[in-house]
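Quick caveat, the model's predicted, so the values are computed rather than measured.
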Amino acid sequence: MSLLKPGHRGCAGCCDALAGKFVLDAIGEDCIVVSPTGCLEVFTTPYPESAWGVPWIHSLFENAAAVASGVEAALKSLGKKNNTKVIAIGGDGATLDIGLQAISGAFERGHDFTYICVDNEAYMNTGIQRSGATPLYASTTTSPAGKVSFGNPLHKKNMPAIIAAHGSPYVATASIAYAPDMMKKVKKATEIKGPTYVHVHAPCCTGWKFESSKTIEVGRLAVETALWPLYEMENGVVTNVRKLKNRKPVEEYLKMQGRFKHLFTMEGGLEEIKKIQAIADWNVKHFGLE
Amino acid sequence: MRKSMVVVEGSYAVAHAVKVCKPNVISAYPITPQTHIVEDLAQFAADGEMNCEYMNVESEFSAISALIGASAAGARTYSSTTSQGLALMHEALFNASGMRLPIVMTVVNRALSAPINIWNDQQDSISQRDTGWIQLYAEDVQEAADMTPQLYKLAENEDILLPAMSCMDGFILSHVYEPVILLEQSLTDEFLPAYNPEFVLDPKNPMSFGAFADPSTYTEFRYKQEKAMGVALGKIEEIANEFKDIYGRYYGGLIDGYVLDDAEIVIMAMGSVIGTIKDTIDVLRSEGESVGLLKVRSFRPFPRDAIRAALKNAKVVITLDKNISIGKNEGALCTEVKACLYNTDTRVPVIGFMLGHGGRDIPISMIKKLINKAKLVEKGIFVESEYADLREDLA
């Protein structure tokens, strides 16, 4: 049985539940997990129940990296660090927005821990509000499409680059739609000494508005259209990318999701899709995906 | 001055006290604003005098957050902060007490912005009154130092498990050089047992900390914190006496009296102003005035029964507050003393005075003035509470 046990309250097709399971499958039981506030925390620990088969702590929304650094410092001080892995698993809001300062501090201090961002591109737990990870033109409850708006007007923040700039020895992107690749990267991250980072793309059927059976399919299309490039960086240098053989146009990814529906119905929407295609084209060029 | 005494800065005395308590993890942000406590601890660590992880974090919010993680992982933890830094910690203070983590922190009391001001008052810690932390207030440097092992012993008691603040007045205690006895390692080892918590983050025995509690369970978590505070209420005096047995020093447990028993006018206060009040009382007593002091050492838990008993014979009570609840025109001590007397037969007038805010000095002449004002009560309660040291040219 997985160390993230069944019976939790995750939605059917939940990306967080898959991510949590893959992380623990990759690492095994010798770890301590820190979760900021978010779906994963809420649906796994309705007191007095807990789905966690490993030691787990949730403190607040914005401090998971600081809490994890304290756990690591305590293990070191008490002579209990040995091979125990300290892991933080946070959502995109907890990582790119409200928790960014604590993450920056923890990476600067060089704690031996791994931070995993499970990125479903908005605040799903609280009702699909926009975050710094929400992509261009996604309609959310705080960046809705409307008569004079195509939805979120801002680009997704490049978090892996921010972490890499801290001198992290290992930064990787992954997707829950590519489980073996993701697990390999998570394991590698935990085996490298120092603060390491894995940014996992995680389609949320509830927030993105697609059938709960399509989570993996949507995740694959993000990669196949080059909107979510899979790569590894070691000491700030890209060392590995997942090449694309038959790249698909971004429309194939967008049209599956209700959050982009307005681009296909509003006047001028198709023209705006070109801007999203340009993001994919930039990724191809920048990471050498083809 | 006794032979074993040394003249050191208040901050150093506290840092030294922390050192002999052997914390495993210290985490602090060095400013907003800070004191020399964490600098002295950093030096101890740099000199190899402490076997601990010293974390330089990027804010007070992360300072307390890191200690939450460290404490849950089984470490004895310490931080120190003041004014803005404490305010920044606010959310995490609730979290630490809710998860029953016995973190000990020295709060060097200072004013809050705006206007920005780095000097002493107690608005900072009083504003954290309801966060579920034990709060003791020190009268002088020696007491501030001695409170440190007392608070570890209290906080880590398995029937309490609450975080604790040792509050000491900024500058007046933190930056003053006073003769003190630095806490002896051997006595501290005897007084303070090693920390061996039952509930820790351990892969061999996985537990979940910080679960999600819905309306069917949340209330009982809070109730148990309150119950633990009740246990602390009984233990504070006990631990103060154990400390006295080993170190030979005692400052009161929950409260302390100074020529209190026959006093008609009782002054109540917390912190360093106690010394000034005692000096004032000495003068007035020599002049035949019936004045006494009731020092409140423990503000949380609030010693309701002890205060009721101590005020039984008082004719008038005046409270001194280095804080204000704006909109109530009253300081916290005044409000709480009034509230604790309400359901009793003790019908003594309580007059609140707010003073010493933002570092304004409180001289003996001011205490005398307030005592004279208190006498007016014989003709009826003239004021519930007021600022005692306003500058008329600015007010």
Worksheet item: What residues form a ring-ring contact (aromatic ring centres under 6.0 Å, His included) with A:Phe113, not counting sequence neighbours?
Response: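 Counting only residues at least two positions away or on another chain, A:Phe113 forms a ring-ring contact (aromatic ring centres under 6.0 Å, His included) with A:Phe107.
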
Practice prompt. Looking only at non-hydrogen atoms, find the nearest pair between A:Ile57 and B:Ala72 and report the distance.
Written response: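 In this case the closest contact between A:Ile57 and B:Ala72 is CD1-CB, 3.6 Å.
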
Worksheet item: Got more than 12 heavy atoms from elsewhere within 6.0 Å of NZ, A:Lys157?
Response: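 Atom NZ in A:Lys157 is packed in, count exceeds 12.
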
Worksheet item: Given a strict heavy-atom distance threshold of 4.5 Å, which part of B:Ala92 is in contact with chain A: side chain, backbone, both, or neither?
Response: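 For B:Ala92, heavy atoms of backbone and side chain both lie under 4.5 Å from chain A.
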
Item to complete: With sequence neighbours left out, write down each residue that passes side-chain hydrogen bond (donor to acceptor under 3.5 Å, both in side chains) with A:Ser168, or none if nothing qualifies.
Response: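 side-chain hydrogen bond (donor to acceptor under 3.5 Å, both in side chains) list for A:Ser168, sorted by chain: empty.
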
Worksheet item: Between B:Met99 and chain A, which part of the residue has a heavy atom less than 4.5 Å away: side chain, backbone, both or neither?
Response: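 Looking at B:Met99, just its side chain touches chain A.
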
Discussion item. Suppose a student defines contact as a heavy atom less than 4.5 Å from any heavy atom of chain B. Which residues in residues 191-207 of chain A would they list?
Written reply: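 At a heavy-atom separation under 4.5 Å, chain B is reached by no residue of residues 191-207 of chain A.
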
Practice prompt. Check whether more than 12 heavy atoms from other residues, nucleotides or ligands sit under 6.0 Å from atom CG of A:Leu154, and answer yes or no.
Written response: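 Buried by this count: over 12 neighbours within 6.0 Å.
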
Practice prompt. Return the option, out of A:Ala74, A:Pro55, A:Ala73, with the maximum number of heavy-atom pairs under 4.5 Å with chain B.
Written response: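 Of the options given, most contacts go to A:Pro55.
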
Practice prompt. Evaluate whether atom CZ of B:Phe199 has more than 12 neighbouring non-hydrogen atoms of other residues, nucleotides or ligands under 6.0 angstrom away.
Written response: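 Open.
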
Got a list of the donor-acceptor pairs under 3.5 angstrom between chain A and chain B?
unit_1   : atom_1 : unit_2   : atom_2 : d
A:Thr45  : O      : B:Phe212 : N      : 2.9
A:Thr45  : OG1    : B:Phe212 : N      : 3.4
A:Tyr47  : N      : B:Phe212 : O      : 2.8
A:Ser50  : OG     : B:Ser208 : OG     : 2.5
A:Trp56  : N      : B:Met207 : O      : 3.0
A:Trp56  : O      : B:Phe209 : N      : 2.8
A:His58  : N      : B:Phe209 : O      : 2.9
A:His58  : ND1    : B:Gly210 : O      : 3.0
A:Ser59  : O      : B:Asn95  : ND2    : 3.0
A:Ser59  : OG     : B:Asn95  : OD1    : 2.6
A:Asn63  : ND2    : B:Ser65  : OG     : 2.9
A:Ser77  : OG     : B:Asn24  : O      : 2.8
A:Gln101 : NE2    : B:Ser59  : OG     : 3.3
A:Arg109 : NH1    : B:Glu58  : OE1    : 3.2

Worksheet item: Given a strict heavy-atom distance threshold of 4.5 Å, which part of A:Val54 is in contact with chain B: side chain, backbone, both, or neither?
Response: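 The answer is the backbone of A:Val54.
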
Discussion item. Please report the interatomic distance CG(A:Leu60) to CZ(B:Phe94), rounded to the nearest 0.5 Å.
Written reply: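 Output value for this atom pair is 11.5 Å.
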
Discussion item. So for B:Leu201, is it side chain, backbone, both, or neither that comes closer than 4.5 Å to the heavy atoms of chain A?
Written reply: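 Both backbone and side chain.
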
